[in-house]
> 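Please read through the structure below; I'll follow up with questions.
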Amino acid sequence: MDRFSQGLADPQETHVVGECLSCGGEVYEGEEVWEVEGEYLHDGYDCIRGYIADFATQKVAG
Ligand SMILES: [Zn+2]
């Protein structure tokens, strides 16, 4: 009886579903991400900030 052997996914077999628009790193199935026009962005400060820097200008408000 080995009915449990096919239950849980092997953590080694994470499925890559795309790559991050900002850092270019792999995005895995089940990972929390931002979707931008059908593409992925990691849910992390550096990736979001890096992405925004493509079209926004950082400045001092005033
Ligand atoms: Zn990223």
> Are the side chain of His42 and the backbone N or O of Glu26 linked by a donor-acceptor pair below 3.5 Å?
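Yes: the side chain of His42 pairs with the backbone of Glu26.
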> Roughly how far apart are Cys20 SG and Ile48 CD1, rounded to 0.5 Å?
9.0 Å
> What are the two closest heavy atoms between Tyr40 and Gly18, and how far apart are they?
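Taking Tyr40 first and Gly18 second, the nearest heavy atoms are CD1-CA, 4.1 Å.
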> If you define the side chain from C-beta out and look only at heavy atoms, does anything of Val33 sit under 4.5 Å from Val27?
yes
> State, with a plain yes or no, whether a side-chain heavy atom of Glu39 is found less than 4.5 Å away from one of Glu19.
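No, their side chains stay 4.5 Å or more apart.
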> May I ask you to test the Tyr28-Val16 pair for a side-chain heavy-atom distance under 4.5 Å?
yes
> Do the side chains of Asp54 and Leu21 get nearer than 4.5 Å, heavy atoms only?
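No - every pair of side-chain heavy atoms lies 4.5 Å or more apart.
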> Would you find more than 12 non-hydrogen atoms of other residues, nucleotides or ligands less than 6.0 Å from Glu35 atom CD?
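Correct, the count exceeds 12.
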> Measuring from atom CG of Leu41 to atom CD1 of Ile52, what distance do you get when rounded to the nearest 0.5 angstrom?
8.5 Å
> Testing the basics here: between Cys23 and Cys47, what is the closest heavy-atom pair and its distance to 0.1 Å?
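Smallest heavy-atom distance, with atoms named: SG-SG, 3.8 Å.
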